[in-house]
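Let me begin by presenting the structure, written as structure tokens, before commenting on it.
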Amino acid sequence: MIDWLGPDEWQAVALSLKVSLWATLLSLPFGLICALALARGRFFGREVLNWLVHLPLVLPPVVTGYLLLLGFGRQGPIGSLLDSLFGITLAFQWTGAALAASIMAFPLMVRAMRLAIEAVDPKLEEAAATLGASRLRVFSTVTLPLILPGIIAGVVLAFAKAMGEFGATITFVSNIPGETRTVPSAIYAFLQVPGGESSALRLVGVAVAIAIGALILSEWLSRKIAHRISGT
Amino acid sequence: MIDWLGPDEWQAVALSLKVSLWATLLSLPFGLICALALARGRFFGREVLNWLVHLPLVLPPVVTGYLLLLGFGRQGPIGSLLDSLFGITLAFQWTGAALAASIMAFPLMVRAMRLAIEAVDPKLEEAAATLGASRLRVFSTVTLPLILPGIIAGVVLAFAKAMGEFGATITFVSNIPGETRTVPSAIYAFLQVPGGESSALRLVGVAVAIAIGALILSEWLSRKIAHRISGT
Amino acid sequence: MSLSVDIRRSLGGFDLHTTFDAPEGVTVLFGRSGSGKTSVVKSVAGLVTPQQGKITVNGRVLFDRETHTDLPVHKRRLGYVFQDSRLFPHLSVRDNLCYAARVSSRGATDPRQVGDLLGISHLLDRRPHSLSGGEAQRVAIGRALLSAPDMLLMDEPLASLDGPRKAEILPYLETLRRETGLSILYVTHNMAEVARLATHIVLIDEGRVVRSGAPEEVLTDPDMVRLLGIRDAGAVLSAIVAEHLPDGLSALAISAGKLFLPAVDAPVGAKLRVRILAQDVILARSRPEGLSALNILPVRVLAVRRGEGPGVIVQLQAGEDRLLARITRRSADALGIVEGADCFAVMKSVAVSQTDIAVGLQTGL
Amino acid sequence: MSLSVDIRRSLGGFDLHTTFDAPEGVTVLFGRSGSGKTSVVKSVAGLVTPQQGKITVNGRVLFDRETHTDLPVHKRRLGYVFQDSRLFPHLSVRDNLCYAARVSSRGATDPRQVGDLLGISHLLDRRPHSLSGGEAQRVAIGRALLSAPDMLLMDEPLASLDGPRKAEILPYLETLRRETGLSILYVTHNMAEVARLATHIVLIDEGRVVRSGAPEEVLTDPDMVRLLGIRDAGAVLSAIVAEHLPDGLSALAISAGKLFLPAVDAPVGAKLRVRILAQDVILARSRPEGLSALNILPVRVLAVRRGEGPGVIVQLQAGEDRLLARITRRSADALGIVEGADCFAVMKSVAVSQTDIAVGLQTGL
Amino acid sequence: KADDLTVFAAASLGDAMNALATLWTKETGQDITLVLAGSSTLARQVDAGAPADVMVSANDAWMDWLVEQGRVEVESRVDVASNRLVIVAYDPAAASRDIITAQTDIVGELGAEGRLAIALPEAVPAGIYAKTALTHLGLWDGLSARLAPTDNVRAALALVALGEAPLGVVYATDAQSDRRVVIAGVLPDDSHPQIRYPAAVVSDSRNAPAATRFVAWLADEAAQEIFARFGFLPIGPGE
Ligand SMILES: Nc1ncnc2c1ncn2[C@@H]1O[C@H](COP(=O)(O)OP(=O)(O)OP(=O)(O)O)[C@@H](O)[C@H]1O
Ligand SMILES: Nc1ncnc2c1ncn2[C@@H]1O[C@H](COP(=O)(O)OP(=O)(O)OP(=O)(O)O)[C@@H](O)[C@H]1O
Ligand SMILES: [Mg+2]
Ligand SMILES: [Mg+2]
């Protein structure tokens, strides 16, 4: 198994895992807030937020990557701000890869969570309020546990998507071995040269195995939680 | 407006619309069946179906396109079978572009529908059965209307995704003007030559406008239907 | 036998083992909360599958473990009114009512008659979410009625209705049963509904049938008094309408003599059932005079059951019928009410009210 | 005033315009289905916002349009028992019961006492989905009780419970009210619950209050008989426990003399309310002898209301109290029951049962 | 029409091929359908039976592969254009036409943080050429840790154009058109194999005679002029 993939490939796998995990975990709170705002909010600009969130789904990934470069690059307004304020650089760093992956996965995460939130019976939240729970408490003790399966689904979906993200990542943070050379970038590189298919397919196998493992885990978790809730 | 995009670009827009519409409509029944099977089915291989459906989300699109080329190309096993049995060729035809787009959009469609189906209260279906409705009737008169918002969401999401699909399409059916040169492929072609950025950006604008239009339409429709159902 | 149930089902510590045969008419399933009533009704409807047993309706086998028969829900032709109304949220009230007609060849398409009856005609164009709890339940009842079922299953259908509405719907259920021969399996906690509707009673406790029989027997059995609740103990008499009097009363002939009631809605000669609560009966050793109570019957004491409280239950022979009276021990002692004693039972005519009269059926009487 | 409501709210053709003041104790909202009871309770809880008006509980302003006060739901400190149980599906029964303690400083953390009382202690580790309808509702009641509210709002909380369970829970609600001074706004269709619990009654019809007052007044008002339903008409008397007799009876002193009842659970000297249904009262011109009925009071006829039916409602002066009797016109004519006539009211002691006795409060009596 | 041709061409040739197609159509009346994508994509598609008459690749590797697969007519193969690698810079002050030598301090030019944008050096033609050249000059080892490899040469150009990378290695054709970058140096032609764009007739072509004529025409003077107009170099005498 160790021999089956070369050290560079293992490095890509490890990096992909790291990037996807961070991408997913860091976008979780924002995804949740967005999903809440979209599901429950009644504010001006709700529609705009909605289509902003969806944009990466619709755009060709290269375009998203290019836009990221414009905004978050060293010269980009947000990128230079982050740099001067917090000393955070995203360009050509694995952190940038995580940003790209999370932006590409964001619509999927938000959608899954939003649907879960919309499925929560507001009558239960009313009941919780009458029992003395503030809005925050209602959220943490009733809404959150009830949408947990949706959150898990969203997170895992986002993780899987992040594992497969390529176009935006390579455009934004290029393909630096050990830093931003994720599994899909490696696969792409293999596919560019004649005879590279078999190496590419080995990596595809690894990527698919990881993603499917995550999906199966999430199904199992959701099912377990749903069982606890509804008994079915 | 007519002058704003050249005839080739209008052709790409028209083709993208055609491809995305067909991709969405043709995958609708399959998506619904898959969603039903995943939400309600208790069969062996349910997990396998689940991850097969999710595969295109996880794989780099280029890989999906390559696999499609291997399977559905002229020489591929499925491609040659379809050709000899029904005279259907997908390779390098707009129909192939539609197949690629629908496969890439399939996981999104199925997920949206599946969540909607899982949210239907089985008690209502029980009630319908006691009133004499066969399983099929229960589905068409109770389940289907109740999941309509989910179906619309799934269809529109799939449509938006199909409009933006690039990697798998260009890999599978290439970039033939008038046949498989969709908006994202055209954007790609523009980006590959010096000075093509402005043309590319115009096309991006068109693609985004169409996708967002579809999303807004679907939000509006879902809201209208949800209002009819729950009055909220 | 209209309905025959013999099922076994264990679920999470609760063990259902219920066997009863019910004749045509209204069979009331009566028992405390959690005793398994809903489980039985669901088994009959096919919504849950028993592990063992057999269920037939009007001779049609719905379920038989032995022969592996298990008719699907929609072929059982049973109208089910659920504890919760389960209206279809995407359909108007009208479309909810006509749902059965839309999905099968059975249902009726004109909701007006049923709508008027249940007081929901003005709601036809509304959507379920805007209905109050009682309104929703009335629509659910109408929907089941309009599906033209072989038998109705009703799980506490009136629990969320107010008194006057209950009183309005109950006679319709009776009419329905009388005119269409429609049998009903009816779950309720409410003794007034039991008395009014039941032609057969199945008492169920912890998943087991403790008593099954005609109301006349079950309700006049002093041993059942504890299970039914003391306030609800009472007897059911058969009666024939003898005369409609000009002052708004009707005279009914019973085996022990005549009863005067507020005018009953049945022709002279009709057979009726009359329920007299044990607590509404006063006993006297000599025929009392100058009382506003119109009904005074000579009776003989059959049995005197002392309970733990200050009251006793006295079983009386009144002609060929039996009555129950509940009086204080003090009175029993003072008046010498012992087995074999002759005395008079005094009942106010109005104490036997409309809602305790069931227009009689051949069956079950 | 414990609760003061003055609200206006229009919604889709239904116009709520309800104004009443309720003293401490149990205020029963009574009215037909769709009359707006739930809407009023929801306004008090803060779940819907009236367009106009003011709501105060124990002097605390919960809502005031004028001053733009609108306390959020969780700060209103009201326990709400809904028509549907609304248990949290992801929590065990125990965690549902202790929910209030978890989310606020108010609630109690030990569910055992309440659990035993409501007969749900054996369910503590179960999950809501496996409960029967009645079990779920009992847990919901327990959950609201354990939130230690200033006032309880109960919307037909007992509709899905059986008789014995109701009888078990009702006294607990009374005890609770008595011992903690907890006021309750209680919605019900059930007259027995009204009679048992109410210290104040608000009759509501089509969104408007048609009568608000002490049960003694509202229930003995012959004009209300039609609205309440004829079978439920009756009087409420104030009484003081005079003596507990060895044969299981208690003697109560009322202004017109003595009443004998099955032993009441109150010490000698305690103030009680006793409800006597109009249909349980028999009239006689001379004092009858040799009857099993123990309670015979001298009364004077105050008014005779003839209705459409064969019955008349007779309002009687009994000492300083008022009684209602429902007798047939035939008897009224035969016995010469006219205004001013002196006669005797005969009541079986057992007709005044436990559930019609409310242990008295200073307020509302 | 029967004579119409479908030409699969590397996307980087897009502009030039467009102009060439227009001219061909004017001269012969035959329409040309131009299909633009990466060489690897096009080659695999030709192998999978794509309806192409002519294949124009951006490097020899994929054309060699197609020859191996027997998918193109070997005799028809001809190099139609050449190119040159340049180093581009974001900073206009760096403008220079100097030839890069072993002494050029590229690392120094990059500064402390800067990276050299480059197409994937082990996969994409421009990257492969660049790697060979820099290795030949002895600069590769110093640079290999300072690269920003991209999936195609245009993306490398974009990195420099946006100032994300101070320097990049791209084709001269790409460098000349983008006003946001300046050419900071030229990689010597002898430091890497000649950059060649080979064309060949696809074996399955349904219009082989016209395809053969078109491929030959691409090497003609008229066509070469157009290539030159877009910055391509004429085909030199092969090594
Ligand atoms: N999934 C389950 N797991 C464990 N016990 C269950 C489950 N479903 C039902 N029960 C138990 O089965 C018993 C019977 O329930 P059922 O709903 O039939 O009672 P019921 O007589 O209809 O009560 P109610 O009058 O309150 O509606 C109850 O004790 C209930 O707790
Ligand atoms: N969203 C709405 N649109 C229109 N009418 C409504 C809406 N919500 C409630 N109503 C009407 O308001 C009236 C009062 O409803 P409410 O639920 O308060 O009645 P209720 O007295 O509690 O009835 P029940 O005893 O049946 O529970 C009903 O006639 C109902 O139809
Ligand atoms: Mg039940
Ligand atoms: Mg209500």
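Computation of the quantities below employed the complete heavy-atom set of this structure, encompassing side-chain atoms and omitting hydrogens, waters and symmetry-equivalent molecules. Everything quoted here is computed from the prediction, not taken from an experiment. In what follows, every chain begins at residue 1, and chains take the letters A, B, ... in the order their sequences are listed.
- There is no contact between E/Ala155 and chain A, counting heavy-atom distances below 4.5 Å.
- When the candidates A/Phe172, A/Phe166, A/Tyr66 are compared by the number of heavy-atom contacts under 4.5 Å with chain E, A/Tyr66 comes out ahead.
- Counting heavy atoms from C-beta on, the side chains of E/Asn59 and E/Ile195 never come closer than 4.5 Å.
- A tilted orientation is assigned to the rings of E/Tyr171 and E/Tyr197, their planes being inclined by 30° to 60°.
- Residue contact with chain E, scored on non-hydrogen atoms closer than 4.5 Å, is absent for A/Glu179.
- Counting heavy-atom pairs under 4.5 Å between each of E/Asn152, E/Leu120, E/Thr150, E/Asp151 and chain A puts E/Asp151 at the top.
- Taking a cutoff of 4.0 Å between a charged side-chain nitrogen and a carboxylate oxygen, A/Arg202 and A/Glu9 qualify as a salt bridge.
- For the set A/Thr180, A/Leu70, A/Leu69, the count of heavy-atom pairs under 4.5 angstrom toward chain E peaks at A/Leu69.
- A donor and an acceptor atom, one from each side chain of A/Thr89 and A/Gln93, are nowhere located under 3.5 Å apart.
- Within the 4.5 angstrom heavy-atom criterion, atoms from both the backbone and the side chain of A/Ala189 approach chain E.
- Under 4.0 Å is where a charged nitrogen must lie from a carboxylate oxygen, and between E/Glu73 and E/Arg77 no such pair does.
- In this structure, E/Ser12 OG and E/Met17 CE are separated by 11.0 Å, a value rounded to the nearest 0.5 Å.
- Heavy atoms of E/Glu113 lying under 4.5 Å from chain A belong to its backbone as well as its side chain.
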